[in-house]
Amino acid sequence: MKEEYSHNYRRWYDKDPILSKSMSTLEKSDDETQIKVALNVIKIIIEHNIAEHTYTGVEDMMTAVEDGLVEKGKSRWYDLDTTVRTAINMLENSPLPVQKAVAKEMAKMVVDKIKEDKDEQDDDETEENE
């Protein structure tokens, strides 16, 4: 569901503060984290869009994935990985209520993954010091 955005927002996702912060954190995450979160985002988007009857078939999902690929090329940070690009394109083309729901879940996933990585790093450091 693309719409015209005011000049106050540089990117489509900056309109929602939660989504903007989640995307910023995801952008700064390592590749593995980005892909794991992207796979979960795709799953969540499909579930929400099926529940909202936005997707009535595989064709609808494929259209959501394909929208934005040609016109924007590969200049955005999330275009470097196909999985991440797919998740973000699907999110961008989802209805606003779905975007808001996914933004909250995405924020939680990103924070949980960062905490998990930090815990693993702390465990590795503890083992090295023993």
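Any value given below was found using the heavy atoms of this structure, including those in side chains, with hydrogens, waters and symmetry copies removed. Note that the numbering runs from 1 along the sequence shown for the chain.
- A donor-acceptor contact shorter than 3.5 Å is absent between the side chain of Asn89 and the backbone of Thr86.
- Ser24 pairs with exactly one of Glu27, Lys28, Lys21 by the side chain to side chain donor-acceptor pair (under 3.5 Å) rule, that one being Lys28.
- The shortest non-hydrogen separation linking Gln34 to Ser29 is NE2-O, 3.3 Å.
- At distances below 3.5 Å, at least one donor-acceptor pair connects side-chain atoms of Ser94 with backbone N or O atoms of Met90.
- Leu26 and Ile35 fall within the same hydrophobic cluster, where Ile, Leu, Val, Met, Phe, Trp and Tyr residues are linked whenever their side-chain heavy atoms come under 4.5 Å apart, directly or through other members.
- Put simply, the side chain of Leu91 does not reach to within 4.5 Å of the side chain of Ile42, judged on heavy atoms.
- Using a 4.5 Å heavy-atom cutoff, the side chains of Leu80 and Val84 are not in contact.
- No chain of hydrophobic side-chain contacts below 4.5 Å, direct or via other Ile, Leu, Val, Met, Phe, Trp or Tyr residues, connects Ile18 to Tyr13.
- Contact of the Val41 side chain with the Met109 side chain is registered, since non-hydrogen atoms from C-beta on lie closer than 4.5 Å.
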Practice problem: Output, in order, the C-alpha distance, side-chain angles, deciding distance and verdict of side chain to side chain contact (heavy atoms under 4.5 Å, CB included) for Asp16 and Lys100. | Solution: CA-CA 8 Å; Asp16 181 328; Lys100 288 188 174 295; 3.7 Å; yes
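- Here the side chain of Glu105 pairs no donor or acceptor atom with the backbone of Ile44 at under 3.5 angstrom.
- Arg85 and Asp81 are not joined by a salt bridge, as no carboxylate oxygen comes within less than 4.0 angstrom of a charged side-chain nitrogen.
- No side-chain heavy atom of Tyr78 sits under 4.5 Å from any side-chain heavy atom of Thr83.
- When all heavy atoms of Ala103 and Ser22 are compared, the closest pair comes out as O-OG, 3.6 Å.
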Practice problem: Output, in order, the C-alpha distance, side-chain angles, deciding distance and verdict of side chain to side chain contact (heavy atoms under 4.5 Å, CB included) for Trp77 and Met23. | Solution: CA-CA 10 Å; Trp77 66 266; Met23 292 287 282; 3.9 Å; yes
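- Note that the CG atom of Asn40 and the CG atom of Asp112 stand 10.5 Å from one another [nearest 0.5 Å].
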